[in-house]
Amino acid sequence: MTIEIRTLTDRHGDPAAFATLVATMQADWADRDPGDPLPSANEVADTVFRERPDGHVVVTVARRNAEPAGFAFAVTQSAPDDPDQVSDCELFVMPDQRGHGVGAALTAAMAERLQALGQTSLVAYTLEGVEPDRAAAICARYGMTARQHERCSRVDVARIDGDQIAAWVAAAANAAPGYRIHTWQGAVPTPLVDAWAAAQSAMTDVPIDQLDYTVPPVTPEQVRRKDAALAATAWLSYGSLVVGPDGDAAGMSMMMVHPDRPQLAHQEDTAVVAAHRGRGIGRWLKAATFQYVNEHHRDLTVIETYNAEDNPWMLAINEAMGFRPHHGYTAHQGPLAVIAERAGGSRSAAGESRPE
């Protein structure tokens, strides 16, 4: 029995490997959220291979006995000169392929690629409530420890109180006289790029519990590059920016929808600059962004968002809006050198081949 590992850099270079990626990612989604429509091949490609302004994507897929067996997907999070060379990863093994060394083979191949890119640490997220002891044991085997708990929340759009949303917008306008909000679809308007970068940089103090990682500030050039990368995909992005009376950045929020699954919107970053907190700007941003997206996507039924459990401020806003816990995740972190060594030993025993 042979585990075959392939590394992908785009959707076109290896059609068979890309088909394996799509099959395993769809199986992952079906396993986690069986009531959802599955991501299309286009959405998989737009999600995985979208260019990252200051990072790299590492994608490995596995076949065992010529059948799709799993995937690993990692994104480097740091600029080349940043001392915190940390990568986030997601790994999934088909339920009927577990226990045969597929995960070790994927992890070893991914770790080798990440080390070649100068990465030193890996953060992996495990789904809570699904064989949690087994997942924790696997992470411990690779030298990783639990560092943070994260909540995936969802809200049914039909249950959102439109009157409450309108009240949030009105209340913020009263509590923050002289503040203005700008909302748009697509790239950040050129006159607002600097303020958007400053607002998104408020994420540098987002709670990260025991994760060994520093959230870097965002530059205007990074904003432009990210917008260009999104424009090369089918993703539809929606942004809201609040500026203060002097035109300085006060806060931002972003949502994304893929046209192949217009029922599901992804709430991305929402951040309020420290000097402007306490005025209801976070609720204003969430409410205004929802109003705008809902106007443009009448078939929208669900919004999904992720927050650290040690971020009670944003969780409170989400809960007041109607979001409820959907899934829990545990973030495990460990040194890549240890992960590569231990996973490499496991994969040797599994009989892995690696045609590239």
Side-chain angles (χ1 to χ4, degrees), residues 25-40 43-44 46-48 73 88 90 92 124-132 135 148-169 183 185 203 206-207 209 234-240 252-271 282-331:
M25 291 196 80
Q26 289 178 338
D28 178 21
W29 202 286
D31 191 51
R32 185 177 64 247
D33 290 298
D36 286 2
L38 297 178
S40 67
E43 184 180 344
V44 170
D46 287 343
T47 300
V48 173
F73 166 41
D88 283 347
E90 177 182 353
F92 174 77
Y125 294 85
T126 59
L127 183 63
E128 296 173 354
V130 180
E131 299 185 283
Q148 188 181 46
H149 294 282
E150 186 162 356
R151 183 191 304 182
C152 169
S153 301
R154 283 188 171 188
V155 60
D156 292 334
V157 171
R159 297 177 66 88
I160 295 177
D161 185 339
D163 292 339
Q164 174 182 268
I165 293 297
W168 282 7
V169 172
T183 306
Q185 190 274 313
M203 295 292 292
V206 67
D209 205 357
W235 280 107
L236 301 171
S237 62
Y238 298 86
S240 294
M252 54 74 61
S253 187
M254 180 179 178
M255 290 178 66
M256 292 176 60
V257 178
H258 197 281
D260 286 1
R261 276 200 300 179
Q263 308 94 329
L264 176 63
H266 301 268
Q267 172 68 64
E268 302 291 319
D269 290 346
T270 298
R283 291 190 176 198
W284 189 9
L285 286 161
K286 288 270 193 177
T289 307
F290 165 72
Q291 287 177 326
Y292 193 83
V293 172
N294 197 41
E295 288 175 4
H296 288 76
H297 294 278
R298 290 301 183 184
D299 44 3
L300 179 66
T301 59
V302 174
I303 304 172
E304 182 174 277
T305 189
Y306 288 79
N307 302 97
E309 288 286 2
D310 57 346
N311 187 352
W313 306 279
M314 195 55 66
L315 287 173
I317 294 175
N318 289 340
E319 290 168 358
M321 189 172 175
F323 282 89
R324 295 295 178 264
H326 183 60
H327 290 305
Y329 292 86
T330 299

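Since the model is a prediction, treat every value here as computed from it, not as a measurement.
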Could you tell me whether a side-chain N or O of [X] sits under 3.5 Å from a main-chain N or O of [Y], the two making a donor and an acceptor?
X: Asp161; Y: Gln164; value: yes
X: Gln148; Y: Tyr329; value: no
X: Arg324; Y: Val155; value: no

Quick one about His149 and Thr330 (side-chain donor to acceptor, distance below 3.5 Å, no hydrogens or angles considered), yes or no?
yes
[atom1] of [X] to [atom2] of [Y]: how many Å apart, nearest 0.5 Å?
X: Leu127; Y: His327; atom1: CG; atom2: NE2; answer: 6.0 Å
X: Asp28; Y: Glu90; atom1: CG; atom2: CD; answer: 5.5 Å
X: Asp299; Y: Gln263; atom1: CG; atom2: CD; answer: 6.5 Å
X: Asn294; Y: Ile165; atom1: CG; atom2: CD1; answer: 9.5 Å
X: Asp46; Y: Met256; atom1: CG; atom2: CE; answer: 9.0 Å
X: Asp269; Y: Met254; atom1: CG; atom2: CE; answer: 8.5 Å

Show the nearest heavy-atom pair for residues [X] and [Y], with the distance to one decimal.
X: Ala308; Y: Pro207; answer: CB-O, 4.0 Å
X: Leu285; Y: Ser240; answer: CD2-O, 3.6 Å
X: Ile317; Y: Trp168; answer: O-CH2, 3.7 Å
X: Tyr125; Y: Ala331; answer: CE2-CB, 3.5 Å
X: Phe290; Y: Ile160; answer: CE1-CD1, 3.5 Å
X: Asn307; Y: Met314; answer: ND2-CG, 3.4 Å

Name the orientation class of the two ring planes belonging to His296 and Tyr292 (parallel below 30°, tilted from 30 to 60°, perpendicular beyond 60°).
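Answer is tilted, since the angle falls between 30° and 60°.
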Aromatic ring pairing Trp235/His258, orientation class (parallel under 30°, perpendicular over 60°, tilted between)
perpendicular
For His297, give me all partners under ring pair (Phe, Tyr, Trp, His ring centres under 6.0 Å), at least two apart in sequence or on another chain.
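Tyr238.
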Would Met25 and Val48 satisfy side-chain contact (heavy atoms from CB on, under 4.5 Å), going step by step from the backbone distance to the final call?
CA-CA 10 Å; Met25 291 196 80; Val48 173; 3.7 Å; yes
Kindly indicate whether the side chain of [X], heavy atoms from C-beta on, has any atom under 4.5 Å from the side chain of [Y].
X: Thr289; Y: Thr183; answer: no
X: Arg154; Y: Asp33; answer: yes
X: His266; Y: Met255; answer: no
X: Leu236; Y: Gln185; answer: yes
X: Asp209; Y: Glu309; answer: no
X: Arg261; Y: Ser40; answer: no

side-chain contact (heavy atoms from CB on, under 4.5 Å), that's the test. Do Val206 and Asn311 meet it? Break it down for me.
CA-CA 8 Å; Val206 67; Asn311 187 352; 4.1 Å; yes
Walk me through it: do Leu264 and Val257 pass the test side-chain contact (heavy atoms from CB on, under 4.5 Å)?
CA-CA 7 Å; Leu264 176 63; Val257 178; over 6 Å; no
Report the C-alpha separation of Gln26 and Trp29 in whole Å, then their side-chain angles, then the decisive distance to 0.1 Å, and conclude whether the side-chain contact (heavy atoms from CB on, under 4.5 Å) test is met.
CA-CA 5 Å; Gln26 289 178 338; Trp29 202 286; 5.8 Å; no
Cation-aromatic face contact Arg283/Trp313, 6.0 Å, 45 degrees
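Cation-pi check for Arg283 and Trp313: fails.
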For the pair Glu268 and Ser253, evaluate side chain to side chain donor-acceptor pair (under 3.5 Å) and give the outcome as yes or no after the intermediate values.
CA-CA 7 Å; Glu268 302 291 319; Ser253 187; over 6 Å; no
Tell me whether Arg151 is salt-bridged to Asp310, with the criterion being a basic N under 4.0 Å from an acidic carboxylate O.
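No.
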